[in-house]
Engineer: 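Questions regarding the structure given below will be posed in turn.
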Amino acid sequence: MSDKQVNFGIVLSCVFILCGPAGLRAQDLDVSPLSWDFGSVAVGSSSTATFDLLSAGPSEVYIYVVALYESDDLTAPHADPRDWESPSWSLGAFSFDPATYPILFPVVSSPGSHTFLDVIFTPPAEGDYQAYLFIMSNDSVPPPGPYPFLPLKGAGVPAAVPVPGAALLTLLGVSIVGYLRRRTL
């Protein structure tokens, strides 16, 4: 055995003895769900999905950025969310609910605590929409890991417009019922 191997073994033994199992902690951010399909939503209406960010490890989790992102890629030419001065509150048809969006970052989650985050889908026109919920944290245990991109998708569909004849029949029915009630009194 060489001197380097002996010294390395001594260092590892000292670290384990001094730190013990409690000193070797991992941060674990458990996110649920890991993706969301809003399905078909009428244009002008909205649908909300709630994401649960649970600090599942034995030590605090730091959440540095929560943003909506157009791609699941941090390389050029896409902007790097880690360089943003303020996160993106909305992107196309997707937005955060201000009531559940953290105001200040980093968010420090103690072990066992939950942070709930609502994402709202409001399609402005018919068509398919896609975005990513980006979370940057010190999570060291995948999934989701320190830089997850959680896919969001939904479809805008035409709003239901009442058939003109149906509205006329409803009005006629209400009128007839009113007339018959007055006659029987």
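The analysis underlying the following values was restricted to heavy atoms, covering all of them including side chains, and did not include hydrogens, waters or symmetry mates. On a predicted model such as this, the values are computed, not experimentally measured, just so you know.
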Engineer: Could you give the distance from CZ (F149) to OG (S71), rounded to the nearest 0.5 Å?
Structural biologist: 6.5 Å

Engineer: Under the criterion side chain to side chain contact (heavy atoms under 4.5 Å, CB included), I'd like the reasoning laid out for D72 against F134: C-alpha separation, chi angles, the key distance, then a yes or no.
Structural biologist: CA-CA 8 Å; D72 62 350; F134 174 75; over 6 Å; no

Engineer: Answer yes or no: is there a side-chain heavy-atom contact under 4.5 Å between Y101 and L117?
Structural biologist: yes

Engineer: Mind running side chain to side chain contact (heavy atoms under 4.5 Å, CB included) on F38 and V119 for me, showing each step along the way?
Structural biologist: CA-CA 10 Å; F38 288 91; V119 177; 4.2 Å; yes

Engineer: Do F105 and V65 have side chains that get closer than 4.5 Å, going by heavy atoms?
Structural biologist: no

Engineer: Would you sort out whether S46 and I120 count as a side chain to side chain contact (heavy atoms under 4.5 Å, CB included), showing the intermediate values?
Structural biologist: CA-CA 7 Å; S46 63; I120 302 169; 3.8 Å; yes

Engineer: Listed by chain and number, what are the side chain to side chain contact (heavy atoms under 4.5 Å, CB included) partners of D30, not counting sequence neighbours?
Structural biologist: L54, A56

Engineer: Going by side chain to side chain contact (heavy atoms under 4.5 Å, CB included), I63 matches just one of S55, S109, P106. Which one?
Structural biologist: S109

Engineer: Compute whether any side-chain donor of one residue and acceptor of the other, for T48 and D118, lie under 3.5 angstrom apart.
Structural biologist: no

Engineer: What distance separates L133 CG from F94 CZ, expressed to the nearest 0.5 Å?
Structural biologist: 10.5 Å

Engineer: Give, for atom OH of Y64 and atom OG of S137, the distance between the pair rounded to the nearest 0.5 Å.
Structural biologist: 8.0 Å

Engineer: Check whether any side-chain heavy atom of V61 sits under 4.5 Å from a side-chain heavy atom of L53, and report yes or no.
Structural biologist: no

Engineer: CG/D37 to NZ/K153 distance, rounded to the nearest 0.5 angstrom?
Structural biologist: 4.5 Å

Engineer: Please name all residues satisfying side chain to side chain contact (heavy atoms under 4.5 Å, CB included) with P158, sequence neighbours left out, ordered by chain then number.
Structural biologist: E126

Engineer: Might you point out which heavy atoms bring Y147 and M136 nearest each other, and give the distance in Å?
Structural biologist: CE2-CG, 3.5 Å

Engineer: Which pair of heavy atoms, one from G156 and one from P123, lies closest together, and at what distance?
Structural biologist: CA-CB, 3.6 Å

Engineer: Just jot down the side chain to side chain contact (heavy atoms under 4.5 Å, CB included) partners of P144, sequence neighbours excluded, or say none.
Structural biologist: V31, L34, D139, P148

Engineer: What is the distance from atom CZ of F116 to atom OG1 of T100, rounded to the nearest 0.5 Å?
Structural biologist: 10.5 Å

Engineer: Does the side chain to side chain contact (heavy atoms under 4.5 Å, CB included) test come out yes or no for F51 and W36, once each step is laid out?
Structural biologist: CA-CA 9 Å; F51 289 83; W36 191 259; 3.9 Å; yes

Engineer: To the closest 0.5 Å, what do you measure between CD (E70) and CG (L91)?
Structural biologist: 6.5 Å

Engineer: Could you check whether any side-chain heavy atom of L29 comes within less than 4.5 Å of a side-chain heavy atom of I135, counting everything from C-beta outward?
Structural biologist: yes

Engineer: Donor-acceptor pair, N138 side chain versus Y62 backbone, under 3.5 Å?
Structural biologist: yes

Engineer: Does any non-hydrogen side-chain atom of P102 lie less than 4.5 Å from one of V107?
Structural biologist: yes

Engineer: So V141 and Q27, do their side chains get closer than 4.5 Å, heavy atoms only?
Structural biologist: no

